[in-house]
Amino acid sequence: MIDHTGIFASNFEISKAFYSGALSAIGYQLLAEIPASVTGHTDVAGFGEPPKPDFWVSKGTSNNPPIHVAFRVNSRPLVDAFYKAAIAAGGRDNGAPGLRPHYHPNYYGAFVLDPDGHNIEAVCHEPV
């Protein structure tokens, strides 16, 4: 089981704003901000469902190649809401909400590129 993961962002403030907007649609919040003076290397922002962050954005050189992160949600309307919020927050379309039956019959996902080109997804595996 994965406890937490994250990305490096070339523009920390822009990425922090993007993820605040995009992830709010699926119940995630900005739960922690820790400056470089505490981490010993860089500023970080932690997002998640209270009380624990599980997705971290770190200030620095963006991951190259960009990475893919998928957030599992329990309903298709949440996938739709994520996509709409992520586009409104400055994300770029990388696959509108819909079924992806080539993965499995109930795979319903949406893909958005974040400010650094990371492929961020919301996915629901539930039938309707």
Side-chain angles (χ1 to χ4, degrees):
M1 181 178 291
I2 296 171
D3 183 72
H4 61 275
T5 190
I7 56 128
F8 280 92
S10 63
N11 187 315
F12 184 66
E13 294 303 322
I14 287 175
S15 289
K16 194 167 59 169
F18 168 78
Y19 284 104
S20 291
L23 298 179
S24 68
I26 62 170
Y28 268 50
Q29 301 171 26
L30 176 59
L31 297 175
E33 291 190 69
I34 306 170
S37 61
V38 174
T39 68
H41 66 285
T42 193
D43 297 335
V44 297
F47 296 85
E49 295 176 313
K52 183 190 162 306
D54 57 21
F55 179 71
W56 292 88
V57 175
S58 299
K59 181 179 181 180
T61 302
S62 179
N63 308 79
N64 190 9
I67 64 171
H68 176 215
V69 177
F71 293 88
R72 183 174 43 219
V73 298
N74 61 12
S75 75
R76 292 178 184 186
L78 284 175
V79 172
D80 299 341
F82 159 80
Y83 180 81
K84 183 178 178 181
I87 295 296
R92 292 175 287 141
D93 171 61
N94 198 35
L99 286 169
R100 295 338 193 256
H102 53 282
Y103 296 136
H104 69 72
N106 294 318
Y107 195 106
Y108 187 89
F111 304 84
V112 176
L113 299 177
D114 83 351
D116 285 304
H118 299 300
N119 186 27
I120 308 303
E121 174 186 5
V123 59
C124 176
H125 299 285
E126 302 298 321
V128 184

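Just the heavy atoms: all of them, side chains too, but no hydrogens, waters or symmetry mates, feed the values below.
Counting only distance, with no hydrogens or angles, the side chain of S62 and the backbone of S10 share no donor-acceptor pair below 3.5 Å. A distance-only check finds no donor-acceptor pair linking the side chain of D43 to the backbone of P35 [under 3.5 Å]. A distance-only check finds no donor-acceptor pair linking the side chain of R76 to the backbone of Y108 [under 3.5 Å]. Judged by distance alone, the side chain of H118 and the main-chain N or O of I67 form a donor-acceptor pair under 3.5 Å. Between the side chain of K52 and the backbone N or O of D3 there is at least one donor-acceptor pair closer than 3.5 Å. Side-chain atoms of N63 never come within 3.5 Å of backbone atoms of P65 as a donor-acceptor pair (strictly under, hydrogens ignored). Under a 3.5 Å cut-off, the side chain of R100 and the backbone N or O of G98 do form a donor-acceptor pair.
Residues Y19 and F12 share a hydrophobic cluster, clusters being chains of Ile/Leu/Val/Met/Phe/Trp/Tyr side chains in contact below 4.5 Å. Under the 4.5 Å side-chain heavy-atom criterion for Ile, Leu, Val, Met, Phe, Trp and Tyr, V123 and Y83 are members of distinct hydrophobic clusters. Hydrophobic clustering (side-chain heavy atoms under 4.5 Å, transitive across Ile, Leu, Val, Met, Phe, Trp, Tyr) groups I87 together with F82. Placement of F8 and V69 in two distinct hydrophobic clusters is found when ILVMFWY residues are connected by side-chain heavy-atom separations under 4.5 Å, directly or transitively. The cluster map of Ile, Leu, Val, Met, Phe, Trp and Tyr, joined by side-chain heavy atoms under 4.5 Å apart, puts V38 and V44 in the same cluster.
In K16, the NZ atom is crowded: over 12 heavy atoms of neighbouring residues, nucleotides or ligands sit closer than 6.0 Å.
Residues that satisfy the salt bridge (charged side-chain N to carboxylate O under 4.0 Å, His left out) test with E49, not counting sequence neighbours, are absent from this structure. With sequence neighbours left out, the ring pair (Phe, Tyr, Trp, His ring centres under 6.0 Å) criterion links F71 to Y28, F55.
Taking the side chain as every heavy atom from C-beta outward, I7 and D114 approach each other to under 4.5 Å. Residues S15 and D116 have side chains in contact (heavy-atom distance under 4.5 Å, counting atoms from C-beta outward). Within the 4.5 Å cutoff, side-chain heavy atoms of L113 are placed close to those of N119. For the pair F47/S20, a side-chain contact is recorded, criterion being any heavy-atom separation below 4.5 Å from C-beta on.
Summarising the geometry, atom NZ belonging to K59 is positioned 11.0 Å from atom OG1 belonging to T39; distances are rounded to the nearest 0.5 Å.
Heavy-atom minimum distance, G91 versus V112: CA-CG1, 3.5 Å. The nearest pair of heavy atoms linking V79 to P97 is CG1-CB, 4.3 Å. Nearest heavy atoms, A86 versus F18: O-CE1, 3.4 Å. A22 approaches A89 most closely through the heavy-atom pair N-CB, 4.1 Å. For the residue pair H68 and F111, the shortest heavy atom distance occurs at NE2-CE2, 4.0 Å. For Q29 against P50, the heavy-atom pair with the smallest separation is NE2-CG, 3.6 Å.
In this structure, H125 and Y107 have perpendicular ring planes: the angle between them is above 60°, well past the 30° mark.
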